[in-house]
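Worksheet: one structure, shown below.
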Amino acid sequence: MRWSKTLIPTMKEVPADAEIPSHQLMLRAGLIRQLMAGAYTYLPLGYRALRKAEAIVREEMERAGAVELFMPALQPIDLFEKTGRKEAFGNVLINFQVQRGGRQVHLALGPTHEEVVTDLISRHVTSWRQLPLCVFQIQTKFRNEERPRFGVLRTSEFLMKDAYSFHSSLEQLNETYQAMYHAYCRVFARCGLNYVPVEAESGPIGGDASHEFMVPAGNGEDRIVKSTKGNYAANLERAETGRKSPSLTTPADAAALQKVATPNATSIEQVSRMLKCSPQQMIKTLIFQADDAPVAVLIRGDHEANEGKIRRALGCKSLGLADPKTIEAVTGAPVGFAGPVGIKCRVIADHDVPLIANAVTGANAADAHFTGVNIGRDYQLDTTFDLRNAVHGDPCPRSDGTLELVHGIEVGHVFKLGTKYSVSLGAEFVDEKEQRHPLIMGCYGIGVNRIIASLAETSFDENGLIWPLSVAPYSVEIIPLNVTDPEVMQLAERCYSELEAAGVDCLFDDRDQRPGFKFKDADLIGIPLRLVIGGKGLKEGNVEIKWRTSAGPDKVPVDQAVVTVQRLLAERRTQEFARVPA
RNA sequence: CGGGAUGUAGCUCAGCUUGGCUAGAGCGCCUGGUUUGGGACCAGGAAGUCGCAGGUUCAAAUCCUGUCAUCCCGACCA
């Protein structure tokens, strides 16, 4: 492609609305333009990169045995009502009514396609002999983000690869799950991403096992926990800690229990300031409603409660913070003064709580807290649990390493769905013994835009983007330094047509601009290999070839230019593939 | 949805506090010329309903009210 024939609006200055590297660079390099908050146009250069990532995803899905189909983005709202997800999605689900003849039709724009695909499969798959089956599509998804942000990382409209698998047994599901997991590793490795598969909660979608694929990045929205020994990684929601129950004995030097006045101090922060104690010294007492019973959950003041862990520790179905009426009934005090001493409900505590000697906590009385609270003497526990979010330095649950927290961008998610959708939509099969069972499902998503955005976010230098060959918009940029010099242009044109004929995708910078100008643009858009043809080199019979990341150019004889470019690209491709798991 | 910030030329921004000349600069763009190996120089030029609506005033980019949009923090996020 000739630069003069395409649209690559590069910018020298940083747009005021862009804060993070990927957003700034994608705008400056002319990859994207914003239409409104959460909706971006992919310009020719950005679209090429997106398409290359898409092609890699498609290849790997097919390699893993999935078949591609294409479902409508427009969906009848009834499907979401049947599965209860109209509620669950709430405002995120873009839906509206349209007139058709005399009636109103209520439609939604698909945020994902579990309903549509399950409905489809339920009509055509009836026998165990047809299973397993794995279908996928690459399609635009719509979610009304309450707050789109970070440029292209969080938008209301995005390209997603979503795959769905159907099985007659858990073993079958596990096999496909493994195949998808492996395919995902190959996809992200081929795209040149530094990725970490982490254990994850499957979330409101249900199911029992799931992994997220995260790209570590300071601006990532998610927090993930990694072991320093490298054998454990999980998202913060899910991450276990390797802590154990401490001994539940009253410390020998326990101070006296004292009630102190704390008027209007209802938060950890307010109390710690008023009583001049650190949050680590405090016990946070949260009253939850677990199924039908209130439960007090004790967490050290500086820690965050983890609802998933609390739910598992209690073995309850539903869990949520109790309403003020319940809290008052249980504590005998308004909200904000709960504590374990004399509370009238079941109490469970995190491992770290009994370790606090002379703790500060609510006194179950208005405007009062206790100090000098100690395990055994002032409150009792049978045992303790892991109930809080992991924290930097916690012991690893799988090794003698410790845990560290990093931010990450979620680029993929695989999970075992089970029968949630097949049950609610009546998707059943008949087994060998003529018994009917709901189909067992898995689903697997990749954010294609996020592959590009994560690369832009993590692969750049002070001059601009640095693409891996695999998803670079073009492999080679050819730069004739003086387009008015016929000798230079003739050679440049020849290299361009020979490379294109050999199937190498080239960007030919045929603009009448000064060399420095073109070099700056070339670095900004980050095409991996640069072929420079200039008057000086030509006098010596040379052209210059340079990788985006190497310090200086290599001189190559004119007649070797095309084959050298081809050789270098082939070598680089092999290198990039060497990192892909077999 | 709560908190904060910003809307002036394609981009980055000044002007607003203290209302008043024809609304400015740099970059980009157009014309001509000189240049040509890391974002050239000279000369000339085009380009803005000052986000929008209403109000105050002899007079509003500037003050007031409302509204819309965008960005950031938080809540939310299959």
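Chain identifiers are assigned alphabetically (A, B, ...) following the order of the sequence lines, protein sequences preceding nucleic acid strands; residue numbering begins at 1 within each chain.
At a threshold of 4.0 angstrom between heavy atoms, the contacts of A:Phe80 with the nucleic acid are absent. Among the atoms of the strands shown, base atoms are found under 4.0 Å from some heavy atom of A:Asp521. A:Asp523 comes within contact range of at least one nucleobase, with a heavy-atom separation under 4.0 Å.
Taking the nucleotide of RNA chain B with the nearest heavy atom to each of A:Pro515 and A:Arg149, the more 5' of the two is matched to A:Pro515. The residue among A:Glu146 and A:Glu410 whose nearest nucleotide of RNA chain B is located toward the 5' end is A:Glu146.
Shown here is A:Gln490, whose CD atom has no more than 12 heavy atoms of other residues, nucleotides or ligands within 6.0 Å.
A heavy atom closer than 4.0 Å to some atom of RNA chain B occurs in A:Lys12, A:Glu13, A:Val14, A:Pro15, A:Ala16, A:Asp17, A:Glu19, these being the qualifying members of residues 11-32 of chain A.
The base of B:G37 sits with one of its N or O atoms less than 3.5 Å from a complementary donor or acceptor on the side chain of A:Glu544. Taking 3.5 Å as the limit, the base of B:G39 and the side chain of A:Arg511 contain no donor-acceptor pair of atoms between them.
Separation of the C1' atoms belonging to B:G39 and B:C29 is 16 Å when rounded to the nearest angstrom. Taking atom P on both nucleotides, B:C76 is separated from B:C16 by 43 Å, rounded to a whole Å. Distance noted for atom C1' between B:U62 and B:U8: 11 Å (whole Å). For B:C72 and B:U12, the P atoms lie 15 Å apart once the distance is rounded to whole Å.
Counting only N and O atoms by type, the side chains of A:Ser267 and A:Glu269 include no donor and acceptor under 3.5 Å apart.
The side chain of A:Arg147 lies closest to B:G74 when the candidates are B:G38, B:G74, B:G39. Considering only the side chain of A:Gln34, B:U70 comes nearest among B:G38, B:C76, B:U70. Distance from the side chain of A:Val532 is smallest for B:G37 among the nucleotides B:U70, B:G38, B:G37. Closest contact between the side chain of A:Ala37 and the listed nucleotides B:G38, B:U70, B:U36 involves B:U70.
Judged by the 6.0 Å distance and 45° axis criteria, A:Arg450 is not positioned over the aromatic ring of A:Phe158.
Within the 4.0 Å cut-off from OP1 or OP2 of B:G38, not a single side-chain nitrogen or oxygen of A:Gln513 is found. When the side-chain nitrogen and oxygen atoms of A:Arg514 are compared with OP1 and OP2 of B:G39, none of them lie within a distance under 4.0 Å.
Taking atom CG of residue A:Leu35 and atom P of nucleotide B:U70, one finds them 10 Å apart after rounding to whole Å. Taking atom CG of A:Leu153 as the reference point, atom P of B:C71 lies 13 Å away to the nearest angstrom.
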